[in-house]
Amino acid sequence: MADLNEILGLDTGNPYEDWVEKSRLLDEFISDAGIEGPQANTIKTKLIGEEPIKEAGFLTRGGRAIDIGQEELLRNVGAIGQYVGELTGFEGLEQSSKELYDEQTEAMSGLAVPYETDPEKQGFLDYGLMGLQSTIGTAPIAAVPGILAATLPATGAVGLAAGFGVSSLSNMALEGGNTYAEGKQRGLSDQEALEMANEVASQQVLDPRMAALNVMQSVTPGRFMPNAGFLAKAGTGVAQQATGGGLEEMVQYDISKEVETGQPYDVWSDPYARSEGIVGAISSGTFGVLSAGTDARVDSEKTGRLQNLQQELGTDVAQSDVIQEAASLKNLDQIDLNIQKSEL
């Protein structure tokens, strides 16, 4: 086995690969010395420093963002469980969720982030990696449920109400849960953390900005674009969800700061809030295709018949009174019958 000087002197010209190899060799060296656990990690960090993940290749950094996103998703589940357990008095749920939250927090603290954390220094790649992490760690709870609910087979009003309701509930659970869990970690009492969490959660619906954004993200473009192609619907959905998701992150940041400080907060001047907004736009926009690619409330068979009818009459759908009436999909069968009679 190499001695300590040989290990520390390793230099191939690739800082990240050198660190990985030194870390592997040091693990063996320290273990043979009978040192384990946190003390071993402390010694290794003092000898070779923190993992220089930012100097690794793109695939390595992307893989790390995915790893952290997976841990973050479980931590969010733990935060929500703690909050729900405290609200309902279900001590077993609260305790098991706290253990999950603490375990995932520790796991995340042991993973060096692959992006720049100073918003003043962040670039396109940093935002992309943060967005990838958030797409896995947060969006499945914050964005996806509302999008899917809005595309349920229903009338436009019912679908909108379903999307709004589910989106609001998921935001209340996620924001309230993290506020409660973080408050407990800062040393707040159960009651203090719960009061703060309830205030943050309630504002996900009561704040007019959040209410408007929840409505915006609950509208499915596919419902209003029956004749558009998949790419047009997907592009509209991505733009819609990205805009709503970015603004939503900034408003939520603003709400949390105002509840925490008890004072009005200038969110637009905070570089961290702007960074959160960009990441929110990326992660929410990623799932925009779910709201646009398909919509169960659009009858594809009748839509196809409308297009055939347009070709048969040789007129533009938007300019024909007959086709406009048929576009509601309510009188199409009668129009077909009238055409058949006229051909007899």
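As a basis for the values below, the full set of heavy atoms in this structure was taken, side chains included, without hydrogen atoms, waters or symmetry mates.
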| message | Testing the basics here: between A139 and F287, what is the closest heavy-atom pair and its distance to 0.1 Å? | response | CB-CE1, 3.5 Å

| query | Just how far is it from atom CD of E55 to atom CH2 of W19, taken to the nearest 0.5 Å? | reply | 12.0 Å

| field | Within 6.0 Å of NZ in K22, more than 12 heavy atoms from elsewhere | value | yes

| query | Side chains of E195 and Q191: do they bring a donor and an acceptor to under 3.5 Å? | reply | yes

| request: Indicate if V20 and I30 have the same hydrophobic cluster label, given that clusters are the connected sets of ILVMFWY residues with side-chain heavy-atom separations under 4.5 angstrom. | output: yes

| query | Can you check whether L93's main-chain N or O pairs, donor with acceptor, with S96's side chain at less than 3.5 Å? | reply | yes

| Nonpolar side-chain network containing I66, other nodes, edges under 4.5 Å | L132, I136

| Are V200 and I80 connected in a single hydrophobic cluster, I mean Ile/Leu/Val/Met/Phe/Trp/Tyr linked by side-chain heavy atoms less than 4.5 Å apart? | no

| message | I'd like to know whether CD of E106 has more than 12 heavy-atom contacts from other residues, nucleotides or ligands below 6.0 angstrom. | response | no

| message | Tell me the closest heavy-atom pair linking P140 and S134, and the distance in Å. | response | CD-O, 4.4 Å

| message | Within the 4.5 Å heavy-atom criterion, are K44 and D27 side-chain neighbours or not? | response | yes

| field | Side-chain (Q39) to main-chain (I35) donor-acceptor, under 3.5 angstrom | value | no

| request: Supply the atom-to-atom distance M108 CE to E72 CD, rounded to the nearest 0.5 angstrom. | output: 5.0 Å

| message | Return the CG to CG distance between L47 and L26, rounded to the nearest 0.5 Å. | response | 6.0 Å

| field | Distance-only side-chain donor-acceptor flag, Q82 / E94, under 3.5 Å | value | no

| query | Please walk me through it: do E86 and K184 pass salt bridge (charged side-chain N to carboxylate O under 4.0 Å, His left out)? | reply | CA-CA 12 Å; E86 177 64 23; K184 290 286 292 179; over 6 Å; no

| message | Whether the D266 and S269 side chains hold a donor-acceptor pair (N or O, under 3.5 Å, no angle test) is what I'd like checked. | response | yes

| request: Evaluate the side-chain proximity of Q133 to D67: yes if any heavy-atom separation is below 4.5 Å, no if none is. | output: no

| said: Could you tell me if S275 and Q122 have a donor-acceptor pair between their side chains, going purely by distance under 3.5 Å? | reply: yes

| field | Side-chain donor-acceptor contact under 3.5 Å, E276 with Q252 | value | no

| task | Find out if a path of hydrophobic residues (ILVMFWY) with successive side-chain heavy-atom gaps under 4.5 Å connects I278 to Y272. | result | no

| said: Quick one: does any side-chain atom of D18 pair with a main-chain N or O of T12 as donor and acceptor, under 3.5 Å? | reply: yes

| query | So how far is it from S202 OG to E175 CD, rounded to the nearest 0.5 Å? | reply | 12.0 Å

| Without hydrogens or angle criteria, can the side chains of Y265 and E260 be said to hold a donor-acceptor pair below 3.5 Å? | no

| Closest approach of P271 to P119 (non-hydrogen atoms, all atoms of both residues) | O-CB, 3.5 Å

| field | Intermediate values then yes/no, side-chain contact (heavy atoms from CB on, under 4.5 Å), R186 and E182 | value | CA-CA 6 Å; R186 294 200 308 269; E182 291 168 7; 4.2 Å; yes

| field | Closest heavy-atom pair and its distance - L174, A142 | value | CD2-CB, 3.7 Å

| message | I need the F29 CZ to I7 CD1 distance, nearest 0.5 Å. | response | 6.0 Å

| request: Mark yes or no for whether R61, through its side chain, and P114, through its backbone, hold a donor-acceptor pair below 3.5 Å. | output: yes

| said: Any heavy-atom pair between the side chains of V251 and Y253 that's under 4.5 Å? | reply: no

| field | Where I282 and T286 come nearest, the two heavy atoms and their spacing | value | O-OG1, 2.7 Å

| query | Do the side chains of V113 and L111 join up, straight or via other hydrophobic residues, at under 4.5 Å, putting them in one cluster? | reply | yes

| Expected output: side-chain Q241 to main-chain V238 donor-acceptor under 3.5 Å | no

| field | N214 vs E248 side-chain heavy atoms within contact, under 4.5 Å | value | yes

| request: Give a yes or no on whether the backbone of D118 and the side-chain of E116 come within a donor-acceptor separation of less than 3.5 Å. | output: yes

| field | Residue pair N178 / Y101, side-chain donor-acceptor N/O under 3.5 Å | value | no

| query | Under the side-chain contact (heavy atoms from CB on, under 4.5 Å) criterion, do L125 and F58 qualify, and how do the steps go? | reply | CA-CA 9 Å; L125 179 57; F58 173 76; 3.5 Å; yes

| Do V267 and L206 sit in the same hydrophobic cluster, where Ile, Leu, Val, Met, Phe, Trp and Tyr count as joined when their side-chain heavy atoms come under 4.5 Å apart? | no

| field | L87 and N198: CA distance, side-chain angles, deciding distance, side-chain contact (heavy atoms from CB on, under 4.5 Å) verdict | value | CA-CA 9 Å; L87 278 175; N198 285 341; 3.6 Å; yes

| Can you name the nearest heavy-atom pair linking A181 to A79, along with the distance? | CB-CB, 4.0 Å

| Under 3.5 Å, side chain of D254 to main-chain N/O of M250, donor-acceptor pair present? | no

| request: Just do the salt bridge (charged side-chain N to carboxylate O under 4.0 Å, His left out) check on D270 and R274 with the steps written out, would you? | output: CA-CA 7 Å; D270 188 330; R274 294 197 297 270; over 6 Å; no

| query | Would you say the side-chain atoms of R64 pair up with the backbone N or O of A112, donor to acceptor, closer than 3.5 Å? | reply | yes

| task | Please check if the side chain of D126 supplies one atom and the backbone of T117 the other of a donor-acceptor pair under 3.5 Å. | result | no

| Lys/Arg N to Asp/Glu carboxylate O, R75 vs E71, below 4.0 Å | no

| said: Quick one, L169 with Q204, criterion side-chain contact (heavy atoms from CB on, under 4.5 Å). Give me CA distance, side-chain angles, the key distance, then yes/no. | reply: CA-CA 8 Å; L169 286 174; Q204 305 306 307; over 6 Å; no

| query | Could you state the interatomic distance from OG (S31) to CD (E36), rounded to the nearest 0.5 Å? | reply | 5.5 Å

| field | T243 (side chain) donor-acceptor with Q240 (main chain) under 3.5 angstrom | value | no

